[in-house]
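Every chain is numbered from 1, with letters handed out A, B, ... down the list of sequences. Please read these numbers as outputs of a predicted model, since none were measured by experiment.
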Amino acid sequence: MARHLITSAIPYINGIKHLGNLVGSQLPADLFARYQRGRGHEVMFLCATDEHGTPAELAAAKAGKPVAEYCAEMHGVQSAIADGFGLSFDHFGRSSSPQNQKLTQHFAGKLFEAGLIEEVVEKQVYSKADGRFLPDRYIEGTCPNCGYEKARGDQCENCTKQLDPTDLIDPRSAISGSTDLEVRETRHLYLRQSQMRDRLEAWIDSKSDWPILTTSIAKKWLNDGDGLQDRGITRDLDWGIPVKRGEEDWPGMEGKVFYVWFDAPIEYIACAAEWAEAHGKPAAAWERWWRTDKGADDVRYTQFMGKDNVPFHTLSFPATILGSGEPWKLVDYIKSFNYLNYDGGQFSTSQGRGVFMDQALDILPADYWRWWLLSHAPESSDAEFTWENFQQSVNKDLADVLGNFVSRVTKFCRSRFSEEVPAGGQTGPREAALIEELTTRIRAYETHMEAMEVRKSAAALRAIWVAGNEYLQEAAPWAIFKTDPDTAAAQIRFSLNLIRLYAVLSAPFIPDAADRLLTALNCDDRDWPEDVPSALSALAPGHGFTVPDVLFAKITDEQREDWQIRFAGVRG
RNA sequence: GGGCCUGUAGCUCAAUUGGUUAGAGCAGAGCGCUCAUAACGCUUUGGUUGGGGGUUCGAGUCCCUCCGGGCCUACCA
């Protein structure tokens, strides 16, 4: 039995994520976790909310709540939605947890001891009206290059020129609009990533099987300009993990916190510690997943994320881990995704354009979304959601191919025999041929799932469903029944077993439907079909079942048109 | 500006990494079936692989160039 540690990029706290965010990390991670569990392996699947940073503070202020309270609430909201989508996290943690605070400070201390922390005094823009330092992008002004009046301090959106905040003409706070700004000196800690450049490069080079998207982004950062740059890991904020080296105060760093991108990946580890505490387990229970000196040697660690997260997972976080000099588990495989666009443009959180996770669940069950998103996962390039494509794919694949197969088999059995698996008759060469085909297809499905080829896995699964319809058409039990009811009984017995097989195989993609099928079949045998013939004799003659309700109702044209209008514009 | 990814049938995607005649699903057309959610099955139309040039016995795949789409460029996370 293998051991799989699986993490999804942790979603930021300041609102409900859209479908693009979902398909880029949490959903494929869940697919992989469910599959590996289905194969009987030991899985630790972790995710959390990423709660620190300026946007969280601002969102809380906008909501008129203390930031800690706001984050606690939003964590609850995101957690409930994750449940709604069937995301099977072993623990859904919080980067603001005491465990993460302790670990983050611990790592900082180790990095300091290793000589990998440098103190730098730098100049930053301070807004007196806001009472805070402003990150570059929170400063607005007129672009010195093109005259655009809403240029940001990091870049002008109009002419794309990169800017320094002090370049802006008539700079003002993007938060309050105040022009009462000044440049102040402030002291920060930098992680000396440049010292570890060669080590990181050798490590990346050893990962020849990673997606090109992952390695090319990593290499770009390693080789761009003067090579990998040191990175500031502290910020002048109130909300965050106080800067300490281990348990000790850090002279000169009073009132400062760690940068979110320093503490967020550490939450992957801390999340396991949260899991242990939540289940009353000792530290050893989570350390066996994360410490190679405490049992994690045989763990295979896979991360899932959108491409915007790749630099932090290929470079910053490994630099933290390697730099600590301690035997923490490094990631073995990074699966990264491109973006999902919405009907000709980007999903937009600010403009409310596209479908957000809560809205998606309001209009359709999770399985519809899971199936479409995963079967169209943006693996090789950006992908696009359109309502026409969604309607067509879901109706065809889920309602017609799979749902109708279940319907025709169970209803035929009920009307010609009873709601019991019929006895009598024998299967023959036709069934043997199907078993052979299914065996080949199931092994292909497994290969794609192991490789995290999400779209190919979906296509392979669909082909397995199709094989059932082809078989039925050829066997034609409705015709055979008239002259040879025993043979028809054997064919239907075989077909009912196919339904169970489909439920087990499909569970990683459409877990709710799989549950409903197994419930209807009155069966809790979820064993993976290592051996297809025996898997297809699990339901014995006389076994009672009920004809399930329509598994997937079709999306009507009216619904589709309604949703197209509803989600085109501003949310609310 | 620089770097990277991408362009294959009306649509969504494959193509064992340079190897026979570029394949699937959907959509379209025809036929069959009547168990089933107007579902299912079979057959079939559809391509100068974005354009042009080159290397090679052989190019969707490698090189050059042009065109289109996208991402990143280190203080959003």
Query raised in the report: Could you give the CD-to-P distance, from A:Glu453 to B:A14, as a whole number of Å?
Result: 9 Å
Query raised in the report: Side chains of A:Thr54 and A:Arg235: do they bring a donor and an acceptor to under 3.5 Å?
Result: no
Query - Under 4.0 angstrom between A:Gln491 side-chain N/O and B:C35 OP1 or OP2 - result: no
Requested in this report: Return yes if the base of B:A74 and the side-chain atoms of A:Trp221 contain a donor-acceptor N/O pair under 3.5 Å, otherwise no.
Outcome: no
Query raised in the report: What interatomic distance, in whole Å, is found between P of B:A22 and the corresponding atom of B:G46?
Result: 13 Å
Report task. Using a 4.0 Å heavy-atom cut-off across all strands, classify A:Phe312 as base, sugar-phosphate, or nothing. Result -> base
Query raised in the report: So what does A:Glu122 hit on the nucleic acid, given a heavy-atom distance under 4.0 Å: a base, only sugar-phosphate, or nothing?
Result: base
Report summary line: Closest heavy-atom pair, A:Leu222 versus A:Glu201, reported as atoms and distance to 0.1 Å, is CD1-CA, 3.8 Å
Query raised in the report: Distance between the P atoms of B:U12 and B:G70, in whole angstroms?
Result: 15 Å
Requested in this report: Using a 4.0 Å heavy-atom cut-off across all strands, classify A:Gln392 as base, sugar-phosphate, or nothing.
Outcome: sugar-phosphate
Query raised in the report: Heavy atoms under 4.0 Å, any strand shown: does A:Lys307 hit a base, just sugar-phosphate, or nothing?
Result: sugar-phosphate
Report summary line: What one should report as the nearest heavy-atom pair of A:Pro265 and A:Val260 is CD-O, 4.4 Å
Query raised in the report: Rounding to the closest angstrom, what is the interatomic distance between B:U17 and B:C11 at atom P?
Result: 29 Å
Query raised in the report: On a whole-Å scale, what distance lies between the P atoms belonging to B:G23 and B:G32?
Result: 29 Å
Query - Sugar-phosphate only, base, or nothing, as touched by A:Phe481 at under 4.0 Å among non-hydrogen atoms - result: nothing
Query raised in the report: Donor-acceptor pair, A:Ser95 side chain versus A:Glu51 backbone, under 3.5 Å?
Result: yes
Query raised in the report: With distance as the sole criterion, is a donor-acceptor pair present between the side chains of A:Gln26 and A:Asn21 under 3.5 Å?
Result: no
Report summary line: Among B:U37, B:C13, B:C72, the one nearest any side-chain atom of A:Ala399 is B:U37
**Report entry** Euclidean distance for C1', B:U16 against B:G30 (whole angstrom)
**Finding:** 35 Å
Query raised in the report: Is the closest basic N to carboxylate O distance between A:Asp130 and A:Arg132 below 4.0 Å?
Result: no
Query - Near-ring test A:Tyr268/A:His313, centroid separation under 6.0 angstrom - result: yes
Report task. Using a heavy-atom cut-off of under 4.0 Å over every strand shown, decide if A:Val409 touches base, sugar-phosphate, or nothing. Result -> nothing
Report summary line: Picking from B:A77, B:G70, B:C35, the nucleotide nearest the side-chain atoms of A:Tyr12 would be B:A77
Query - Candidate nucleotides B:U37, B:C26, B:G41, ranked by approach to the side chain of A:Asn469 - the nearest - result: B:G41
Report task. Report the distance from atom CG of A:Leu134 to atom P of B:C75, rounded to the nearest whole Å. Result -> 16 Å
Query raised in the report: When you measure from the side chain of A:Ser216, which nucleotide among B:C26, B:C4, B:U37 comes out closest?
Result: B:C4
Query raised in the report: Of all the choices, B:C35, B:A74, B:C75, which nucleotide is nearest to the side chain of A:Asp136 once you look at every atom?
Result: B:C75
Query raised in the report: Nearest heavy-atom pair of A:Phe509 and A:Leu461: which atoms, and what distance?
Result: CD1-CD2, 3.6 Å
Query raised in the report: Which of these nucleotides, B:C75, B:U37, B:G70, is closest to any side-chain atom of A:Lys554?
Result: B:U37
Query raised in the report: Any chance the rings of A:Phe317 and A:Phe312 have centres within less than 6.0 Å?
Result: no
Report summary line: Considering only heavy side-chain atoms of A:Gln346, the closest of B:G3, B:A77, B:C71 is B:C71
Query raised in the report: Taking the P atom of each, how far is B:C42 from B:C57, in whole Å?
Result: 44 Å
Query raised in the report: Is the distance from OP1 or OP2 of B:C35 to the nearest side-chain N or O of A:Arg408 less than 4.0 Å?
Result: no
Requested in this report: For A:Lys396, report the nucleic acid contact type (base, sugar-phosphate, nothing); a contact means any heavy atom under 4.0 Å.
Outcome: sugar-phosphate
Query - Residue A:Arg187 excluded, over 12 heavy atoms near CZ under 6.0 Å - result: no
Report task. Please work out if A:Glu474 contacts a base, only the sugar-phosphate, or nothing of the nucleic acid, heavy-atom cut-off 4.0 Å. Result -> nothing
Query raised in the report: Of A:Gly53 and A:His376, whose nearest nucleotide on RNA chain B comes first from the 5' end?
Result: A:His376
Query raised in the report: Which part of the nucleic acid does A:Ile492 contact within heavy-atom distance under 4.0 Å: base, sugar-phosphate only, or nothing?
Result: nothing
**Report entry** Presence of donor-acceptor pair under 3.5 Å, side chain of A:Asn404 and base of B:A39
**Finding:** no
Requested in this report: Answer yes or no: is there an ion pair linking A:Lys307 with A:Asp382, defined by an N-O contact shorter than 4.0 Å?
Outcome: yes
Requested in this report: Look at all strands and tell whether A:Asn223 reaches a base, only sugar-phosphate, or nothing, counting heavy atoms closer than 4.0 Å.
Outcome: nothing
Query - Closest nucleotide among B:U37, B:C71, B:C26 to the A:Arg462 side chain - result: B:C26
Report task. When you get a sec, tell me which of B:C72, B:C33, B:A14 is the closest nucleotide to the side chain of A:Gln473? Result -> B:C33
Query raised in the report: How would you label the contact of A:Lys219 with the nucleic acid (heavy atoms, under 4.0 Å): base, sugar-phosphate, or nothing?
Result: nothing
Report task. Give one of base, sugar-phosphate or nothing for A:Thr54, where a contact means two heavy atoms less than 4.0 Å apart. Result -> sugar-phosphate
Requested in this report: Assess whether one donor atom and one acceptor atom, taken from the side chain of A:Glu470 and the base of B:C42, lie less than 3.5 Å apart.
Outcome: no
Requested in this report: Select from A:Trp478 and A:Pro311 the residue whose nearest nucleotide in RNA chain B is closer to the 5' end of that strand.
Outcome: A:Trp478
Report summary line: In whole angstroms, the gap separating P of B:A39 from CG of A:Asp397 amounts to 14 Å
**Report entry** Helical stems, RNA chain B - three or more consecutive Watson-Crick or G-U wobble pairs below 3.5 Å
**Finding:** B:1-7 with B:67-73, B:10-13 with B:23-26, B:28-32 with B:40-44, B:50-54 with B:62-66
Report task. Report which part of the nucleic acid A:Arg235 touches: base, sugar-phosphate, or nothing (heavy-atom distance under 4.0 Å, all strands). Result -> sugar-phosphate
Query - Nearest-nucleotide pick for A:Asn389, side chain only, options being B:U37, B:U12, B:A77 - result: B:U12
Requested in this report: Would you classify A:Ser415 as touching base, sugar-phosphate or nothing, given that sugar-phosphate means primed atoms plus P, OP1 and OP2, and contacts are heavy atoms under 4.0 Å?
Outcome: nothing
